[in-house]
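All remarks here apply to the structure that follows.
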There are 2 protein chains.
Amino acid sequence: MAEELGERAQHLLKVLEESYIRSGQPVGSRALARDSGLDVSAATVRNAMADLEELGMVKSPHTSAGRIPTNKGYRMFVDSLLTITPLNEREIMTMRGQFSGEGSKQELATSVSSYLSGITAMAGMVMIPRTAKRSSLRHIEFMPLSDNRILAILVINEKEVQNTVIRVDRHYTAAELQQSANYLNSELAGRELLDVRHRILKELRETKVGMEQMMQQAITMAEQVFDQPSSSSNSDDFVMSGQTCLMGFEELSNIEKLRGLFEAFNEKQQILQLLDRCIDGDGVQIFIGEESGYGVLNECSMVTSGYQVDGEVLGILGVIGPTRMAYERVIPIVDVTAKLVSAALAQSK
Amino acid sequence: MAEELGERAQHLLKVLEESYIRSGQPVGSRALARDSGLDVSAATVRNAMADLEELGMVKSPHTSAGRIPTNKGYRMFVDSLLTITPLNEREIMTMRGQFSGEGSKQELATSVSSYLSGITAMAGMVMIPRTAKRSSLRHIEFMPLSDNRILAILVINEKEVQNTVIRVDRHYTAAELQQSANYLNSELAGRELLDVRHRILKELRETKVGMEQMMQQAITMAEQVFDQPSSSSNSDDFVMSGQTCLMGFEELSNIEKLRGLFEAFNEKQQILQLLDRCIDGDGVQIFIGEESGYGVLNECSMVTSGYQVDGEVLGILGVIGPTRMAYERVIPIVDVTAKLVSAALAQSK
DNA sequence: TATTAGCACTCGCAATCTTAGAGTGCTAAA
DNA sequence: TTTAGCACTCTAAGATTGCGAGTGCTAATA
């Protein structure tokens, strides 16, 4: 196993990647020898390149072009070669002004996503998990609709509101519903959602027999409300902005590839699964090309980071762009953004 | 003004358009003479073509290619030449099954939009007007949040729910808010939204002085609620599906053009303005190319129709695709879809 | 032993040229 | 008014060429 790379080879690989990321052109031995700062000839570089190629770090598009990095090469680059210059104070200050704790999660996510897109000139994305596990039910309210339907309104935490329509067996008056809601509020308000769910489906149901009829009705309704994976919160938890930026990149000028990519964005599901995977990781994470297992992400990389409140990762944000992106700039941006969002959320709590 | 077109010239134009729409290739005089069904020679056709060109109905991409329709040519085609074969019973039946009155407007719009996209292999769109003018306020409810904020919940018609957060000068208890809500409900519930707005801003405000303090508070809150153009209903009223289908068309293979188009889709505002213009028109309306005034829509056409309930146009739906589309198929599809959606809405009322 | 210079060779790209085919416009005849 | 004939134009697709960049290999060098 010749996984060991000499110091010089590493340096050359690094310079090669930097050069390729800058210019987009395959890098030849002469240019590399010149740019490397090392006092070696092109021929020497060629030998090193042959080694790197054997290790799968670089490849040439054809016999007589220079070398370009492979995905494996990028991986090595971001993992151990890249030198990142942290953002300076001033830049951070400018960013800090962007995110306030105001508005709903939705609004925050949208603004963060489009900010990321704007500053990196790539596509930005922010994921909002269904409903944070630790959020608590504040209030529940019923309202009669026509046709034996009832509108249930849940207030969660301080600002989130979920509406669900449920069906019941007969018409209920507003007063009846008020009673049921009162009962449920007295039992459930202030508890965490997981707990609420649990209580309804287990404890209350079991003790249902023998209770007042009103309470029985209330519980039956609550079962419906908490059982269905409330549609609104389930689908709207992923925001993406600036996809069109990706149309500007050379490597995505193939329209078929672009189409696959955009279709994947529309699916949402796929991307969400992918993002879900980073939720455990710490700090900035990077997916390079099809490492993720999705062929459509072929020439793309994702740079992501989780944002958190009270140590719990609430969601993921990041950008997606061509594999050939300026990592040394993008990584700190995503990093700082995640921290600022965390801060904004903590403050608004 | 030589706006008059001989019968034969019209026929030739029609055949030319049909042929071009089918094949995408410029149509030459020989082929046209053959396909026209007329017993004339290519030379005769050439003369007619020269006339048509002078009228701006067709043009040739270069000296020795055939002719292709101009926007003006398409306009004439769809306005007076096109023969539309209505969908047969069976097709309509298949479609009828697609749309139910179930679910929220949002859900219906999404499903209709993606249905349109699927069946036409172009992009589908459905606009939902802010909130129908004639919809009425059913119920209003306040709930205290932290930091002197209050969550206002409006129930409109039977299913629509709007949430708004307002700020107030001090903390109010749930009981106080309940009182205020009761008062407002007694005054306003059941009225149409426009009326509600009017009442609050004019009548009640004027008589405010001298009322109980509780009522004054209630009115102040209501002012806030109905004054801001509630964000949720304002932005989410336009659904588009299958944009990626547009990537498959020859005439949109230019990536810059495509980008402009997709950016316009993201803006929403522009498209909405455009759609707003059709709201008065009757039946199916067609925009060809940049007739609309938006350069990005250069090689595209929109086929739209309003859907209505009780004679009032509630919204617009339609498709957007290349100018060179199969109008004779798309037009009846959009037409029938609009009628079916109207029916579904009427039924679910 | 590691590095270097030299050299033949490969390949892609762009420019140039060629050819075939399609279609036109014009003119003169029917 | 229509038609046939003909010269002309233009494009798209191949074929050919030269250039430049870059490689791999070998033999000489430190």
Side-chain angles (χ1 to χ4, degrees), chain A residues 2 4-13 15-17 19-20 22-70 73 250-251 253-254, chain B residues 2 4-13 15-17 19-20 22-70 73 250-251 253-254:
Chain A
E4 313 160 33
L5 269 183
E7 191 133 342
R8 185 167 68 192
Q10 288 198 14
H11 179 73
L12 285 173
L13 180 56
V15 177
L16 184 144
E17 306 238 18
S19 166
Y20 180 70
R22 205 175 332 108
S23 71
Q25 298 299 318
V27 187
S29 54
R30 183 169 22 246
L32 189 51
R34 175 168 32 78
D35 296 347
S36 70
L38 304 178
D39 194 18
V40 294
S41 76
T44 311
V45 171
R46 280 204 282 280
N47 289 330
M49 302 266 263
D51 295 346
L52 284 173
E53 183 149 14
E54 208 163 340
L55 289 175
M57 297 293 181
V58 299
K59 66 184 174 197
S60 28
H62 56 83
T63 333
S64 116
R67 302 300 212 293
I68 61 177
T70 60
E250 274 294 311
E251 43 269 80
S253 59
N254 174 351
Chain B
E4 313 160 32
L5 268 184
E7 190 134 342
R8 185 167 67 190
Q10 287 198 14
H11 179 73
L12 285 174
L13 181 56
V15 177
L16 183 144
E17 306 238 19
S19 166
Y20 180 69
R22 206 178 330 109
S23 71
Q25 298 300 316
V27 187
S29 55
R30 181 167 26 244
L32 190 49
R34 175 167 34 78
D35 296 348
S36 70
L38 304 177
D39 195 16
V40 294
S41 77
T44 310
V45 171
R46 280 204 283 279
N47 290 329
M49 302 267 264
D51 296 346
L52 285 173
E53 182 148 14
E54 207 163 341
L55 288 175
M57 297 292 181
V58 299
K59 66 184 176 196
S60 27
H62 57 84
T63 332
S64 116
R67 302 299 212 293
I68 61 176
T70 60
E250 273 295 311
E251 42 271 81
S253 60
N254 174 351

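Every chain is numbered from 1 and lettered A, B, ... according to where its sequence line falls, protein lines coming before strand lines. Computed from heavy atoms alone, side chains included, the values below leave out hydrogens, waters and symmetry copies.
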Would you mind telling me which of [options] lies closest to the side-chain atoms of [X]?
{"X": "Thr63(B)", "options": "dC11(C), dT9(D), dT3(D)", "result": "dT9(D)"}
{"X": "Ser41(A)", "options": "dT23(D), dT4(C), dG24(D)", "result": "dT4(C)"}
{"X": "Ser29(A)", "options": "dT23(D), dT3(D), dT4(C)", "result": "dT23(D)"}
{"X": "Thr44(B)", "options": "dT2(D), dA5(C), dT3(C)", "result": "dT2(D)"}

What is the distance, to the nearest angstrom, from the [atom1] atom on [X] to the [atom2] atom on [N]?
{"X": "Leu38(B)", "N": "dT1(D)", "atom1": "CG", "atom2": "P", "value": "17 Å"}
{"X": "Arg30(A)", "N": "dG6(C)", "atom1": "CZ", "atom2": "C1'", "value": "13 Å"}
{"X": "Asn47(B)", "N": "dA28(C)", "atom1": "CG", "atom2": "P", "value": "15 Å"}
{"X": "Tyr20(A)", "N": "dG22(D)", "atom1": "OH", "atom2": "P", "value": "14 Å"}
{"X": "Ile68(B)", "N": "dT24(C)", "atom1": "CD1", "atom2": "C1'", "value": "16 Å"}
{"X": "Gln25(A)", "N": "dA21(D)", "atom1": "CD", "atom2": "P", "value": "12 Å"}
{"X": "Asp51(A)", "N": "dT23(D)", "atom1": "CG", "atom2": "C1'", "value": "15 Å"}
{"X": "Met49(B)", "N": "dG25(C)", "atom1": "CE", "atom2": "P", "value": "8 Å"}

With respect to the phosphate group of [N], does any side-chain polar atom (N or O) of [X] fall under 4.0 Å of OP1 or OP2?
{"X": "Arg46(B)", "N": "dG5(D)", "result": "no"}
{"X": "Arg8(B)", "N": "dT2(D)", "result": "yes"}
{"X": "Arg67(B)", "N": "dG23(C)", "result": "no"}

Fill in: Spacing of Leu32(A) atom CG and Thr44(A) atom OG1 [to the nearest 0.5 Å]
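With rounding to 0.5 Å, CG (Leu32(A)) is 11.5 Å from OG1 (Thr44(A)).
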
Worksheet item: CD of Glu53(A) to OG of Ser60(A): how many Å apart, nearest 0.5 Å?
Response: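 Glu53(A) atom CD to Ser60(A) atom OG measures 4.5 Å (nearest 0.5 Å).
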
Worksheet item: Where is the tightest heavy-atom contact between Ile68(A) and Pro26(A), given as atom of each residue plus distance?
Response: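 Distance-wise, the nearest heavy atoms are CG2-CA, 3.7 Å.
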
Item to complete: Give Ala65(A) one of three labels, base, sugar-phosphate or nothing, depending on what nucleic acid heavy atoms sit under 4.0 Å from its own.
Response: sugar-phosphate

Practice prompt. Please name the residue in the list Val27(A), Asp51(A), Leu12(A), Leu16(A) that meets the side chain to side chain contact (heavy atoms under 4.5 Å, CB included) test with Val58(A).
Written response: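 Exactly one pass, corresponding to Leu16(A).
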
Practice prompt. Using heavy atoms to find the nearest nucleotide of DNA chain C for Ser64(B) and Ala50(B) separately, return the residue whose nucleotide is more 5′.
Written response: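 Its nearest nucleotide lies further toward 5', so the answer is Ser64(B).
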
Worksheet entry | Closest-nucleotide ordering on DNA chain D, the 5'-leading residue of Val40(B) and His62(B) | Val40(B)

Discussion item. Between Asp39(B) and Gly66(A), which residue's closest nucleotide on DNA chain D lies nearer the 5′ terminus?
Written reply: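 Mapping each residue to its closest nucleotide by heavy atoms, the 5'-most match is Asp39(B).
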
Item to complete: Look only at the side chain of Ser23(A) and the backbone of Ser19(A), and say whether a donor-acceptor pair between them is shorter than 3.5 Å.
Response: yes

